Amino acid sequence: MLKSDRWIRKMALEHDMINPFSEKQVREGVISFGLSSYGYDLRVADEFKIFTNVNSTIVDPKNFDEKSFVTVQTDICIIPPNSFALARSVEYFKIPRSVLTICVGKSTYARCGIIVNVTPFEPEWEGFVTLEISNTTPLPARIYANEGLCQIIFFQSDEICETSYADRKGKYQAQKGIVLPKL
């Protein structure tokens, strides 16, 4: 069942599901973030890893070369044309055992050709979210730190899952910064 703002607020405040938590949607002069009707718009932090082809390496998820990224800390990240960047959320999430979330991009960025990868947060996963931001345009694109980047939609099952992400000791559990692909 899709969860409402009341449920999200209760879980965030009573069970520390989202920290820090913005109880209302903030939109004055920024790309909106915070609680919405049926989700939560998370903010992107000011830490970015921008993909570069300087070393002419092959992108390999089993053996990813960290030298393929330039790491920057900035309020405005410029993603090169037809490239991507990794970032992390401002918020730390603790997903309950009966909940699955889906992370979807915000229309403000999508209308500019900037796509956020659709990602599930599995039951009992926790951590800062590593976000993949693709610039599909032939022009450089701006990403604004500490503003909304994507929306998290929460689904609660009518029963508890048999095996959670924590039970499996998932490789991205409790991640603190931008985490590169792991095998």
Side-chain angles (χ1 to χ4, degrees), residues 2-3 5 8 18 20-22 24-93 95 100-122 125 127-155 172 175 177-182:
L2 179 65
K3 300 314 284 183
D5 51 357
I8 297 166
I18 304 169
F21 176 69
S22 180
K24 62 182 177 106
Q25 196 165 61
V26 177
R27 38 184 343 127
E28 293 292 322
V30 299
I31 298 173
S32 63
F33 65 89
L35 187 62
S36 63
S37 302
Y38 288 99
Y40 189 86
D41 293 2
L42 68 73
R43 292 172 289 169
V44 62
D46 64 355
E47 302 168 29
F48 298 91
K49 289 186 178 291
I50 304 167
F51 184 74
T52 178
N53 194 21
V54 170
N55 300 316
S56 298
T57 60
I58 295 173
V59 176
D60 182 350
K62 290 184 176 185
N63 187 24
F64 200 90
D65 185 357
E66 189 162 353
K67 290 184 270 181
S68 296
F69 286 108
V70 174
T71 302
V72 296
Q73 186 166 7
T74 182
D75 290 333
I76 298 175
C77 175
I78 305 295
I79 302 176
N82 302 306
S83 191
F84 75 97
L86 297 179
R88 75 163 177 87
S89 62
V90 168
E91 296 86 356
Y92 190 91
F93 288 83
I95 306 303
L100 175 75
T101 76
I102 302 289
C103 174
V104 295
K106 290 182 64 69
S107 63
T108 299
Y109 277 120
R111 292 165 198 240
C112 297
I114 301 165
I115 308 299
V116 177
N117 186 48
V118 175
T119 306
F121 305 169
E122 294 188 43
W125 173 81
F128 289 101
V129 182
T130 295
L131 303 156
E132 190 269 330
I133 310 160
S134 293
N135 176 6
T136 65
T137 75
L139 304 170
R142 285 187 176 162
I143 305 298
Y144 294 90
N146 298 303
E147 295 188 23
L149 180 71
C150 51
Q151 184 176 68
I152 309 305
I153 301 169
F154 297 80
F155 297 94
Y172 300 114
Q175 59 192 21
I178 300 170
V179 178
L180 297 180
K182 295 180 182 181

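None of the values given here were measured: they were computed from a predicted structure. Worth knowing before you read on, the calculation uses all heavy atoms, side chains too, and leaves out hydrogens, waters and symmetry mates.
Side chain of T74 to backbone of C77: no donor-acceptor contact under 3.5 angstrom is found. E147 places no side-chain N or O within 3.5 Å of a backbone atom of V30 that could act as its donor or acceptor partner.
Annotation: the span from C112 atom SG to L139 atom CG amounts to 11.0 Å, rounded to 0.5 Å. Atom NZ of K24 sits about 14.0 Å away from atom CG of D5, to the nearest 0.5 Å. To the nearest 0.5 angstrom, E122 atom CD is 7.0 Å from L100 atom CG. We find the CD1-OG1 distance between I115 and T137 to be 10.0 Å, quoted to the nearest 0.5 Å. Note that CZ of F51 is 12.0 Å distant from CG of N82, once rounded to the nearest 0.5 Å. Distance check: N135 CG to I78 CD1 gives 10.0 Å after rounding to the nearest 0.5 Å.
Closest approach of A145 to A45, counting heavy atoms only: CB-O, 3.7 Å. Closest heavy-atom contact between I102 and P120: CD1-CB, 4.2 Å. A pairwise comparison of heavy atoms in A87 and I133 identifies CB-CD1, 4.0 Å as the closest pair. In plain terms, the two heavy atoms of P20 and E91 that are nearest each other are O-CG, 3.2 Å. Counting all heavy atoms, side chain and backbone alike, K182 lies closest to Y172 at N-OH, 2.9 Å. Scanning both residues, G177 and T130, for their nearest heavy atoms gives O-OG1, 3.6 Å.
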| When you look at S22 and L35, which way does the side chain to side chain contact (heavy atoms under 4.5 Å, CB included) test go after all the steps? | CA-CA 6 Å; S22 180; L35 187 62; over 6 Å; no
| request: Could you walk me through whether Y144 and Y109 pass side chain to side chain contact (heavy atoms under 4.5 Å, CB included), step by step? | output: CA-CA 10 Å; Y144 294 90; Y109 277 120; 3.7 Å; yes
| side chain to side chain contact (heavy atoms under 4.5 Å, CB included) between L2 and I153, intermediate numbers included | CA-CA 8 Å; L2 179 65; I153 301 169; 3.2 Å; yes
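No side-chain heavy atom of T101 sits under 4.5 Å from any side-chain heavy atom of Y40. Looking only at side-chain heavy atoms (C-beta outward), T119 and V129 stay at 4.5 Å or farther from each other. You'll find the side chain of I50 stays beyond 4.5 Å of the side chain of F69, heavy atoms only. The shortest side-chain heavy-atom distance between F21 and I8 falls under the 4.5 Å cut-off. Counting heavy atoms from C-beta outward, C150 and L42 have side chains that approach closer than 4.5 Å.
For F84 and F48, the ring centers sit 6.0 Å or farther from each other. Ring pair F93/F154: centre-to-centre distance not below 6.0 Å.
With sequence neighbours left out, T71 forms a side chain to side chain donor-acceptor pair (under 3.5 Å) with K49. Considering only residues two or more places apart in sequence or on other chains, K3 meets the side chain to side chain donor-acceptor pair (under 3.5 Å) condition with Q156. Shown here are the side-chain contact (heavy atoms from CB on, under 4.5 Å) partners of S32, two or more places apart in sequence or in another chain: Q25, R27, D41, K106.
No more than 12 heavy-atom neighbours from other residues, nucleotides or ligands sit within 6.0 angstrom of CD on E66. In this structure, Y38 places its OH atom where only 12 or fewer heavy-atom neighbours from other residues, nucleotides or ligands lie under 6.0 Å away. Environment of CD1 in I58: sparse, with no more than 12 heavy atoms of neighbouring residues, nucleotides or ligands closer than 6.0 Å.
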